[in-house]
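Read the structure below first, then the notes.
We use all heavy atoms of the structure for the numbers below, so side chains are in, but hydrogens, waters and symmetry mates are not. Predicted model only: the values in this text are computed from it and were never measured.
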Amino acid sequence: LIPLADLITPNTHEARILGSEDPRDLLELGAKAVLVKGGHNIGDMCIDMLAFDNELQAFEAPRHPTKNTHGTGCTLSAAIAVYLVNGHTLPAAVGEAKTYITAAITHAEQLNIGQGAGPVHHFHKFWTKDER
């Protein structure tokens, strides 16, 4: 399926299984673009790397300490799709989606639902803490 994809978005663990953490190497699998997500890496920053059209671009955001990160990958890829459909270039769509997912992770503690790893707060802009 990868050669049919405009963009694949593996995290670093998945990228290693596919053959490399370097998104440029993964382009050889046939996708038009590769975004290797760095949220699973250690450090103060989450750095995602996008390879497309012979370019490599980094997208950085500070790591927010929370256990509520369930759904981050799905949310990021869906947000990228939404921004692309709305006319953004690929790098702009990734940047906007990265900003959105970072905010959703930052506000995830406000939800206080479920047990274990909770979800990110998709609607953080619309719900206040008192409206849960």
query: Under a 4.5 Å cut-off applied to non-hydrogen side-chain atoms, are His70 and Val120 in contact?
result: no

For [X] versus [Y], what's the shortest heavy-atom pair and its separation?
| X | Y | result |
| --- | --- | --- |
| Thr12 | Gly38 | CG2-CA, 4.2 Å |
| Ala58 | Met49 | CB-SD, 3.5 Å |
| Pro10 | Ala15 | CB-N, 3.8 Å |

If you count heavy atoms of other groups shown closer than 6.0 angstrom to [atom1] of [X], is the number above 12?
| X | atom1 | answer |
| --- | --- | --- |
| Leu4 | CG | yes |
| Asn86 | CG | yes |
| Lys125 | NZ | no |

Look at the side-chain heavy atoms of Ile, Leu, Val, Met, Phe, Trp and Tyr, link any pair under 4.5 Å apart, and say whether [X] and [Y] land in one connected group.
| X | Y | result |
| --- | --- | --- |
| Ile105 | Tyr83 | no |
| Phe52 | Leu7 | yes |
| Leu29 | Val36 | yes |

[X] side chain to [Y] backbone, donor-acceptor under 3.5 Å:
| X | Y | value |
| --- | --- | --- |
| Thr99 | Gly95 | yes |
| Asp53 | Glu55 | no |
| Tyr100 | Ile80 | no |
| Asp6 | Lys32 | no |
| Lys37 | Thr9 | yes |

Once rounded to the nearest 0.5 Å, what's the spacing between atom [atom1] of [X] and atom [atom2] of [Y]?
| X | Y | atom1 | atom2 | result |
| --- | --- | --- | --- | --- |
| Ile101 | Leu76 | CD1 | CG | 6.5 Å |
| Asn11 | Glu21 | CG | CD | 9.5 Å |
| Lys98 | Leu50 | NZ | CG | 11.5 Å |
| Arg63 | Thr102 | CZ | OG1 | 10.5 Å |
| Asp48 | Gln57 | CG | CD | 11.0 Å |
| Leu35 | Leu90 | CG | CG | 8.0 Å |

query: Can you say whether the rings of His107 and His121 are parallel (under 30°), tilted (30 to 60°) or perpendicular (over 60°)?
result: perpendicular

message: Quick check on side chain to side chain contact (heavy atoms under 4.5 Å, CB included): which of Val34, Leu26, Leu18 does Ile2 satisfy it with?
response: Leu18

